[in-house]
Amino acid sequence: MTKASHPSGVESPLKYPEKPDELDAQTIQEILNSFPALELLQQHPIPHALTHNRKLLFVNKSAVKLFDGDNSDYFLGKDITSFIHPLDHGRILNRLEILNDEKTKNNPTEARVYTLNGKIKHIISVSSLIEIAGHTLVLAAATELSEEMGHEISQSEQNFQRLFENMLDVFYRTDSEQNLTLVGPAALGVLGYLPEEVIGLPASSFYFDPQARANIVTAVKKHGKVQNFPARLKHKDGHIVDVEITSSAIYSEDKQFLGMEGLFRDVSEQVVIKEKLHRLATIDELTGILNRRAFLEKANHLIKHLRRQPEYSLLAVIDLDKFKPINDRYGHLSGDRVLKVFVSLFKETLRETDVFGRLGGDEFAIIFRKCTMTEGLEILERIQEKMQKISIRLSDNEVSISASIGLTELHEEDLPFSLALARADRALYQAKQNGGAHVAMLLS
């Protein structure tokens, strides 16, 4: 059996058979261009990498530093097994292979990796599936452990105290009444408290919602443990800290519940990134309303709801009149300004229950929840009146705006939602045929 040559010149891990490379350079670039969080991950202090079939598509600056590299170019296209210690190959690859639609994330695990200069480092890594531009990738993150901690993790009780004092996650233990009996020093960095400040206090007193603590206790008593349970804790200075909690029950020899012990880690930054990703995935960047995908998703949910609980609902499709000449004459920046004003007129008139989205370009859609045709027409007429009263100054000219609107009722049979969109589009065509600045209805 032959060992492959490692970049440093030392013997490297055995190479596993490579999977076929399904992605060409253009496809990889399209994937990266479609990933809105890429810039955030590039600057993230924790090492991150994107892989496809074990091949590295992206590594951030922190990951390059972790592996003692100069830049990311060397890593791109390499198989991850090139950097994993051979004793950890099987376990790490198995963790990747078991990821699927039902299990999209692995729990943190320790591993040993090679750096470019042949040094072995101990890391804690976690990986999860992520969908980008129609391709299923693996997003991995890692935290480096000191050499001392890496060694101690392989030990058990005899070295627990030293590990306890150096770990970044907060270790805690409670009694049967859920009062804290042990808290790790990392609590100072995560919550702003010294351990001696919190010992003896109820664990629930540090939760933004004390019921969340009760839910964790119930789950632990029922299942014996919980993993990566999300919760929101209160920092000493008052702000909220998002954490993930992994805890197990402590039982006596006669199966009496003695309390709980476990870890929690600060995931506030990940939550912010996730929320930003969610916003980027659902909100139209220019107008601040739902984008096409998010609008259609909500629309399909509503139709399913109508099948269970019928209600009057309407769909309006709106098209800005003579928008192309505005773009052509004044430029796209002026066109964007017109769209923002146009959207603001609708937002200030629509109700909180209405669903407003941009389908693309100058085409928009509204779902009026619990709204009769008469009520919907009144709302749209008020908006049309507002448009008639305003003008927008572009360059040296005052430009007026108007819109053609197609309106139809929503039915429980409108699955797929394209059936309702087709009716509304036919009504919109009628409105444009009538000269624009008009609402046309199509009932069925």
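A quick note: this is a predicted structure, and the numbers were derived from the prediction, not measured.
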Using atom types as modelled, flag every donor-acceptor pair under 3.5 Å from a side chain in residues 129-138 to any protein atom, sequence neighbours excluded.
unit_1 : atom_1 : unit_2 : atom_2 : d
Glu131 : OE1    : Thr136 : OG1    : 2.9

Inset, instruction - Would you check, one step at a time, whether the test side-chain contact (heavy atoms from CB on, under 4.5 Å) holds for Met260 with Ile216? - result: CA-CA 10 Å; Met260 292 165 49; Ile216 293 175; 4.0 Å; yes

Under a 3.5 Å distance rule, please check whether [X] uses its side chain to pair with a backbone N or O of [Y] as donor and acceptor.
X      : Y      : value
Gln384 : Ala403 : yes
Arg213 : Ala203 : no
Arg307 : Glu412 : yes
Asn60  : Gln43  : no
Asn53  : Lys55  : no
Lys276 : Ala37  : no
His411 : Glu413 : no
Thr143 : Ile124 : no
Asn33  : Gln29  : yes

Residue [X] excluded, over 12 heavy atoms near [atom1] under 6.0 Å:
X      : atom1 : answer
Asp101 : CG    : no
Lys304 : NZ    : no
Tyr312 : OH    : no
Lys298 : NZ    : no
His239 : NE2   : yes
His278 : NE2   : no
Lys225 : NZ    : no
Asp328 : CG    : yes

Legend entry - Geometric class of the Tyr251/Phe257 ring pair [parallel <30°, tilted 30-60°, perpendicular >60°]: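 Perpendicular: the ring planes of Phe257 and Tyr251 meet at over 60°.
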
Legend entry - Aromatic plane relationship, Phe342 with Phe364 - under 30° parallel, 30 to 60° tilted, over 60° perpendicular: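 Phe364 vs Phe342 ring planes: tilted.
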
Inset, instruction - Kindly determine whether Glu311 and Leu306 satisfy side-chain contact (heavy atoms from CB on, under 4.5 Å), including the steps that lead there. - result: CA-CA 6 Å; Glu311 65 179 50; Leu306 292 181; 3.3 Å; yes

Closest non-hydrogen atom pair, [X] against [Y]:
X      : Y      : answer
Val59  : Ser72  : CG2-CB, 3.5 Å
Ala424 : Val317 : CB-CG2, 3.4 Å
Glu269 : Pro45  : OE2-CD, 3.7 Å
Leu394 : Val399 : CD1-CG2, 3.8 Å
Ala231 : Ile245 : CB-CD1, 3.9 Å

Inset, instruction - Please identify each residue that fulfils side chain to side chain donor-acceptor pair (under 3.5 Å) with Asp414, with sequence neighbours left out. - result: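 Once residues adjacent in sequence are excluded, the partners of Asp414 under the side chain to side chain donor-acceptor pair (under 3.5 Å) criterion are Arg423.
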
Inset, instruction - Decide if the gap between the ring center of Phe83 and the ring center of Phe67 is smaller than 6.0 angstrom. - result: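 Yes: the rings meet the under 6.0 Å criterion.
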
Inset, instruction - Would you confirm whether the ring centroid of Phe58 sits within less than 6.0 angstrom of the ring centroid of Phe35? - result: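 For Phe35 and Phe58, the ring centres are not under 6.0 Å apart.
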
Nearest 0.5 Å, please: how far is [atom2] in [Y] from [atom1] in [X]?
X      : Y      : atom1 : atom2 : answer
Thr51  : Leu57  : OG1   : CG    : 7.0 Å
Leu145 : Arg112 : CG    : CZ    : 12.0 Å
Asp79  : Ile84  : CG    : CD1   : 8.0 Å
Gln388 : Glu385 : CD    : CD    : 6.5 Å
Arg337 : Arg393 : CZ    : CZ    : 9.5 Å
Arg369 : Arg351 : CZ    : CZ    : 9.5 Å

Pairing of [X] and [Y] as salt bridge, 4.0 angstrom limit:
X      : Y      : answer
Lys432 : Asp321 : yes
Arg173 : Glu261 : yes
Glu275 : Arg279 : no

Legend entry - From CA spacing to verdict: side-chain hydrogen bond (donor to acceptor under 3.5 Å, both in side chains), Asp24, Thr27: CA-CA 5 Å; Asp24 56 25; Thr27 303; 2.6 Å; yes

Legend entry - Sole residue of Val226, Asp169, Asn228, Asn107 in side chain to side chain contact (heavy atoms under 4.5 Å, CB included) with Thr246: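 The option that passes is Asn228.
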
Any side-chain heavy-atom pair from [X] and [Y] closer than 4.5 angstrom?
X      : Y      : result
Met373 : Leu314 : yes
Ser395 : Tyr330 : yes
Leu320 : Ile326 : no
Val64  : Tyr74  : no

Between [X] and [Y], a side-chain donor and acceptor under 3.5 Å:
X      : Y      : value
Asp266 : Ser268 : yes
Ser404 : Asp319 : no
Asn215 : Gln211 : yes
Lys370 : Thr353 : no

